[in-house]
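Contents: one structure, followed by commentary.
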Amino acid sequence: MARVRLSVAERREALLQAAVGQIEARGVASVRIADVAADLGVSNALVLYHFATKEQLVGAAFAYAAEKDLDRLRTLLGRRSTAVRRLRAAVRWYAPTGQAKGWRLWIEGWAAALREPALREVAGSLDREWKAALTAVISEGAAAGEFPCPDPTAAAWRLTAFLDGLAVQMTSYTGSLARTTMLEWADAALARELGLPSLDGLDGATGPDGSDGSDRPDGLAGPDGSDGRDTAGTADAPGTTSGATGQISS
(Lines give C-alpha, C1' and ligand atoms only; values in the text may rest on other atoms or scores of the structure.)
Protein backbone atom coordinates (compact mmCIF):
# COMPACT_ATOMS: atom_id res chain seq x y z
CA MET A 1 0.00 0.00 0.00
CA ALA A 2 1.35 3.40 -0.93
CA ARG A 3 2.11 5.67 1.98
CA VAL A 4 0.10 8.85 2.30
CA ARG A 5 2.06 11.93 3.26
CA LEU A 6 0.16 13.88 5.90
CA SER A 7 0.67 17.33 7.31
CA VAL A 8 1.99 17.60 10.86
CA ALA A 9 -1.52 18.35 12.17
CA GLU A 10 -3.06 15.45 10.24
CA ARG A 11 -0.33 13.08 11.40
CA ARG A 12 -0.80 14.10 15.02
CA GLU A 13 -4.55 13.61 14.80
CA ALA A 14 -4.08 10.17 13.26
CA LEU A 15 -1.78 9.21 16.14
CA LEU A 16 -4.30 10.46 18.70
CA GLN A 17 -7.16 8.59 17.05
CA ALA A 18 -5.09 5.41 17.07
CA ALA A 19 -4.13 5.96 20.71
CA VAL A 20 -7.79 6.37 21.69
CA GLY A 21 -8.63 3.11 19.93
CA GLN A 22 -5.76 1.25 21.58
CA ILE A 23 -6.65 2.56 25.03
CA GLU A 24 -10.24 1.40 24.53
CA ALA A 25 -9.05 -2.03 23.42
CA ARG A 26 -6.14 -2.63 25.83
CA GLY A 27 -6.56 -0.22 28.73
CA VAL A 28 -4.24 2.56 29.88
CA ALA A 29 -1.89 0.26 31.80
CA SER A 30 -1.36 -2.17 28.92
CA VAL A 31 -1.21 0.11 25.89
CA ARG A 32 2.28 0.64 24.42
CA ILE A 33 3.83 3.06 21.97
CA ALA A 34 4.40 0.01 19.75
CA ASP A 35 0.65 -0.74 19.69
CA VAL A 36 -0.16 2.72 18.38
CA ALA A 37 2.62 2.54 15.81
CA ALA A 38 1.53 -0.89 14.60
CA ASP A 39 -2.08 0.26 14.27
CA LEU A 40 -1.00 2.91 11.78
CA GLY A 41 1.83 0.97 10.17
CA VAL A 42 4.51 3.43 11.25
CA SER A 43 7.67 3.21 13.34
CA ASN A 44 7.88 3.70 17.09
CA ALA A 45 10.27 6.55 16.38
CA LEU A 46 7.59 8.47 14.50
CA VAL A 47 5.21 8.24 17.44
CA LEU A 48 7.96 9.31 19.84
CA TYR A 49 8.82 12.26 17.59
CA HIS A 50 5.38 13.71 18.36
CA PHE A 51 4.98 12.38 21.91
CA ALA A 52 8.20 11.88 23.88
CA THR A 53 6.68 9.43 26.37
CA LYS A 54 3.72 7.09 26.68
CA GLU A 55 2.34 9.36 29.42
CA GLN A 56 2.34 12.34 27.05
CA LEU A 57 0.59 10.30 24.36
CA VAL A 58 -2.06 8.97 26.72
CA GLY A 59 -2.72 12.42 28.20
CA ALA A 60 -3.03 13.96 24.74
CA ALA A 61 -5.33 11.15 23.59
CA PHE A 62 -7.74 11.75 26.48
CA ALA A 63 -7.64 15.51 25.87
CA TYR A 64 -8.41 14.88 22.19
CA ALA A 65 -11.35 12.62 23.04
CA ALA A 66 -12.63 15.14 25.60
CA GLU A 67 -12.63 17.95 23.06
CA LYS A 68 -14.52 15.80 20.56
CA ASP A 69 -17.13 15.08 23.24
CA LEU A 70 -17.45 18.76 24.09
CA ASP A 71 -17.80 19.69 20.41
CA ARG A 72 -20.68 17.22 20.08
CA LEU A 73 -22.29 18.50 23.30
CA ARG A 74 -22.07 22.12 22.10
CA THR A 75 -23.71 21.12 18.83
CA LEU A 76 -26.60 19.39 20.58
CA LEU A 77 -27.18 22.18 23.07
CA GLY A 78 -26.76 24.89 20.44
CA ARG A 79 -29.65 23.78 18.26
CA ARG A 80 -32.50 26.19 17.57
CA SER A 81 -35.08 24.41 19.68
CA THR A 82 -36.61 24.48 23.14
CA ALA A 83 -34.34 23.92 26.12
CA VAL A 84 -36.06 20.66 27.08
CA ARG A 85 -35.62 19.22 23.58
CA ARG A 86 -31.94 20.16 23.52
CA LEU A 87 -31.42 18.69 26.96
CA ARG A 88 -33.11 15.44 25.98
CA ALA A 89 -30.93 15.14 22.89
CA ALA A 90 -27.79 15.72 24.99
CA VAL A 91 -28.82 13.25 27.70
CA ARG A 92 -29.70 10.55 25.17
CA TRP A 93 -26.35 11.01 23.45
CA TYR A 94 -24.44 10.97 26.76
CA ALA A 95 -26.27 7.96 28.18
CA PRO A 96 -24.56 4.58 27.54
CA THR A 97 -26.08 2.61 24.69
CA GLY A 98 -25.16 -0.66 22.99
CA GLN A 99 -21.50 -1.54 23.56
CA ALA A 100 -20.79 1.93 24.96
CA LYS A 101 -17.36 1.94 23.34
CA GLY A 102 -16.61 5.51 24.33
CA TRP A 103 -17.61 4.81 27.92
CA ARG A 104 -14.90 2.15 28.17
CA LEU A 105 -12.40 4.89 27.37
CA TRP A 106 -13.66 7.18 30.11
CA ILE A 107 -13.95 4.47 32.74
CA GLU A 108 -10.30 3.68 31.97
CA GLY A 109 -9.55 7.38 32.30
CA TRP A 110 -11.26 7.71 35.66
CA ALA A 111 -9.31 4.77 37.04
CA ALA A 112 -5.98 6.05 35.69
CA ALA A 113 -6.73 9.57 36.96
CA LEU A 114 -6.42 8.29 40.53
CA ARG A 115 -2.68 7.99 39.87
CA GLU A 116 -2.04 10.38 36.96
CA PRO A 117 -2.49 14.12 37.68
CA ALA A 118 -2.56 15.00 33.96
CA LEU A 119 -5.44 12.61 33.30
CA ARG A 120 -7.21 13.85 36.42
CA GLU A 121 -7.15 17.37 35.02
CA VAL A 122 -8.47 16.28 31.61
CA ALA A 123 -11.29 14.24 33.12
CA GLY A 124 -12.09 16.97 35.64
CA SER A 125 -12.16 19.65 32.95
CA LEU A 126 -14.55 17.63 30.80
CA ASP A 127 -16.80 17.01 33.80
CA ARG A 128 -16.86 20.70 34.75
CA GLU A 129 -17.61 21.85 31.21
CA TRP A 130 -20.36 19.24 30.80
CA LYS A 131 -22.05 20.32 34.04
CA ALA A 132 -21.68 24.01 33.17
CA ALA A 133 -23.22 23.49 29.73
CA LEU A 134 -26.16 21.56 31.18
CA THR A 135 -26.63 24.16 33.91
CA ALA A 136 -26.75 26.98 31.37
CA VAL A 137 -29.48 25.36 29.27
CA ILE A 138 -31.49 24.28 32.33
CA SER A 139 -31.31 27.88 33.59
CA GLU A 140 -32.41 29.15 30.20
CA GLY A 141 -35.41 26.83 30.10
CA ALA A 142 -36.43 27.64 33.67
CA ALA A 143 -36.22 31.38 32.98
CA ALA A 144 -38.38 30.93 29.87
CA GLY A 145 -41.01 29.08 31.87
CA GLU A 146 -40.55 25.73 30.12
CA PHE A 147 -40.15 23.89 33.43
CA PRO A 148 -39.96 24.80 37.12
CA CYS A 149 -36.45 23.60 38.03
CA PRO A 150 -35.49 25.62 41.16
CA ASP A 151 -31.75 24.78 41.20
CA PRO A 152 -30.20 24.20 37.73
CA THR A 153 -26.71 23.60 39.12
CA ALA A 154 -27.82 20.86 41.49
CA ALA A 155 -30.00 19.34 38.77
CA ALA A 156 -27.02 19.15 36.39
CA TRP A 157 -24.86 17.51 39.08
CA ARG A 158 -27.48 14.90 39.99
CA LEU A 159 -28.26 14.10 36.35
CA THR A 160 -24.59 13.68 35.50
CA ALA A 161 -24.00 11.46 38.54
CA PHE A 162 -26.94 9.26 37.55
CA LEU A 163 -25.74 8.86 33.96
CA ASP A 164 -22.13 8.21 35.00
CA GLY A 165 -23.24 5.48 37.40
CA LEU A 166 -25.51 3.95 34.79
CA ALA A 167 -22.63 3.95 32.32
CA VAL A 168 -20.38 2.03 34.71
CA GLN A 169 -23.09 -0.59 35.23
CA MET A 170 -23.91 -0.92 31.53
CA THR A 171 -20.27 -1.09 30.47
CA SER A 172 -19.05 -3.42 33.21
CA TYR A 173 -22.00 -5.82 33.08
CA THR A 174 -22.93 -6.31 29.43
CA GLY A 175 -26.59 -7.06 28.88
CA SER A 176 -27.57 -6.13 32.42
CA LEU A 177 -30.20 -3.67 31.20
CA ALA A 178 -32.16 -3.44 27.96
CA ARG A 179 -31.24 -0.41 25.87
CA THR A 180 -34.86 0.76 25.68
CA THR A 181 -35.18 0.55 29.47
CA MET A 182 -31.98 2.55 29.92
CA LEU A 183 -33.29 5.29 27.62
CA GLU A 184 -36.60 5.36 29.49
CA TRP A 185 -34.70 5.77 32.78
CA ALA A 186 -32.60 8.58 31.29
CA ASP A 187 -35.77 10.37 30.14
CA ALA A 188 -37.36 9.87 33.56
CA ALA A 189 -34.29 11.26 35.34
CA LEU A 190 -34.26 14.35 33.12
CA ALA A 191 -37.99 14.94 33.60
CA ARG A 192 -37.62 14.57 37.36
CA GLU A 193 -34.77 17.08 37.55
CA LEU A 194 -36.67 19.59 35.42
CA GLY A 195 -39.82 19.23 37.51
CA LEU A 196 -41.87 17.77 34.64
CA PRO A 197 -44.22 14.77 34.93
CA SER A 198 -42.67 13.16 31.84
CA LEU A 199 -41.12 13.89 28.45
CA ASP A 200 -43.82 12.05 26.50
CA GLY A 201 -45.02 15.22 24.82
CA LEU A 202 -41.75 15.48 22.90
CA ASP A 203 -42.53 12.43 20.78
CA GLY A 204 -44.17 12.98 17.43
CA ALA A 205 -43.20 13.68 13.84
CA THR A 206 -39.72 14.63 14.92
CA GLY A 207 -37.23 12.28 16.56
CA PRO A 208 -37.72 11.55 20.27
CA ASP A 209 -34.69 13.72 20.98
CA GLY A 210 -36.75 16.69 19.87
CA SER A 211 -34.77 17.37 16.69
CA ASP A 212 -35.82 17.12 13.09
CA GLY A 213 -32.54 15.64 11.93
CA SER A 214 -31.66 18.70 9.87
CA ASP A 215 -28.20 18.98 11.42
CA ARG A 216 -27.28 15.37 10.68
CA PRO A 217 -25.26 14.34 7.63
CA ASP A 218 -28.05 12.12 6.33
CA GLY A 219 -30.89 14.39 7.47
CA LEU A 220 -32.54 11.62 9.50
CA ALA A 221 -33.60 11.84 13.11
CA GLY A 222 -32.38 8.79 15.04
CA PRO A 223 -34.67 7.35 17.72
CA ASP A 224 -31.97 7.61 20.40
CA GLY A 225 -30.71 11.12 19.75
CA SER A 226 -27.89 9.83 17.51
CA ASP A 227 -27.11 10.85 13.95
CA GLY A 228 -28.39 7.61 12.50
CA ARG A 229 -24.95 6.12 11.94
CA ASP A 230 -24.41 4.23 15.22
CA THR A 231 -26.58 1.20 14.53
CA ALA A 232 -24.59 -0.71 17.15
CA GLY A 233 -25.00 2.15 19.61
CA THR A 234 -21.33 3.08 19.62
CA ALA A 235 -20.55 5.71 17.00
CA ASP A 236 -21.74 8.65 19.07
CA ALA A 237 -20.84 7.39 22.54
CA PRO A 238 -18.67 9.80 24.50
CA GLY A 239 -14.99 9.44 23.68
CA THR A 240 -15.60 7.52 20.49
CA THR A 241 -13.80 8.83 17.42
CA SER A 242 -13.43 7.49 13.94
CA GLY A 243 -9.95 6.10 13.47
CA ALA A 244 -7.56 6.69 10.61
CA THR A 245 -6.66 3.49 8.81
CA GLY A 246 -4.23 4.60 6.14
CA GLN A 247 -0.48 4.37 6.58
CA ILE A 248 1.42 7.58 7.11
CA SER A 249 4.96 8.54 6.44
CA SER A 250 7.49 10.56 8.35
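Values reported hereafter were calculated over all heavy atoms of this structure, with side chains retained and with hydrogens, waters and symmetry mates removed.
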request  = Could you give me the CA-CA distance, side-chain angles and deciding distance for Leu57 and His50, then say whether side-chain contact (heavy atoms from CB on, under 4.5 Å) is met?
outcome  = CA-CA 8 Å; Leu57 175 61; His50 292 275; over 6 Å; no

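- Evaluation of the side-chain hydrogen bond (donor to acceptor under 3.5 Å, both in side chains) rule for Arg115 yields no partner, not counting sequence neighbours.
- The shortest distance between side-chain heavy atoms of Leu16 and Phe51 falls below 4.5 Å.
- Sorted by first and then second residue, the salt bridge (charged side-chain N to carboxylate O under 4.0 Å, His left out) pairs with a member in residues 165-175 form an empty list; sequence neighbours excluded.
- Under the salt bridge (charged side-chain N to carboxylate O under 4.0 Å, His left out) criterion, the residue pairs touching residues 132-151 are Arg86-Glu140, with sequence neighbours excluded.
- The side chain to side chain donor-acceptor pair (under 3.5 Å) with Asp69 is formed by just one residue from the set Trp106, Tyr94, Tyr64; it is Trp106.
- Side-chain contact between Leu105 and Phe62 is present, with at least one heavy-atom pair separated by less than 4.5 Å.
- Put simply, the side chain of Trp93 reaches to within 4.5 Å of the side chain of Arg72, judged on heavy atoms.
- Residues satisfying the side chain to side chain contact (heavy atoms under 4.5 Å, CB included) criterion with Glu129, sequence neighbours excluded, are Leu70, Arg74, Ser125.
- A salt bridge between Arg128 and Glu121 is present, with a side-chain N of the basic residue lying under 4.0 Å from a carboxylate O of the acidic one.
- Listed by first then second residue, pairs satisfying salt bridge (charged side-chain N to carboxylate O under 4.0 Å, His left out) with a partner in residues 12-21 read Glu13-Lys68, not counting sequence neighbours.
- Under the side-chain hydrogen bond (donor to acceptor under 3.5 Å, both in side chains) criterion, Glu184 pairs with no residue, sequence neighbours left out.
- Looking at residues two or more places apart in sequence or on another chain, you find no side-chain hydrogen bond (donor to acceptor under 3.5 Å, both in side chains) involving Gln56.
- Residue pairs meeting the salt bridge (charged side-chain N to carboxylate O under 4.0 Å, His left out) criterion with at least one member in residues 188-198, sequence neighbours excluded, are Arg158-Glu193.
- Remark: Asp164 pairs with no residue by the salt bridge (Lys or Arg N to Asp or Glu O under 4.0 Å) rule, at least two apart or across chains.
- Residues Asp71 and Glu67 are in side-chain contact: their nearest non-hydrogen atoms beyond the backbone lie under 4.5 Å apart.
- Scored by the side chain to side chain contact (heavy atoms under 4.5 Å, CB included) test, Trp157 finds Lys131, Thr153 as partners (sequence neighbours excluded).
- Between Arg11 and Val42, every side-chain heavy-atom pair lies at or beyond the 4.5 Å cut-off.
- In this structure the side chain of Arg92 reaches within 4.5 angstrom of the side chain of Asp187, judged on heavy atoms.
- With sequence neighbours left out, Ala136 forms a side chain to side chain contact (heavy atoms under 4.5 Å, CB included) with no residue at all.
- For Ala178, the side chain to side chain contact (heavy atoms under 4.5 Å, CB included) criterion is met by Thr180, Thr181, not counting sequence neighbours.
- Ile107 and Leu177 fall within the same hydrophobic cluster, where Ile, Leu, Val, Met, Phe, Trp and Tyr residues are linked whenever their side-chain heavy atoms come under 4.5 Å apart, directly or through other members.
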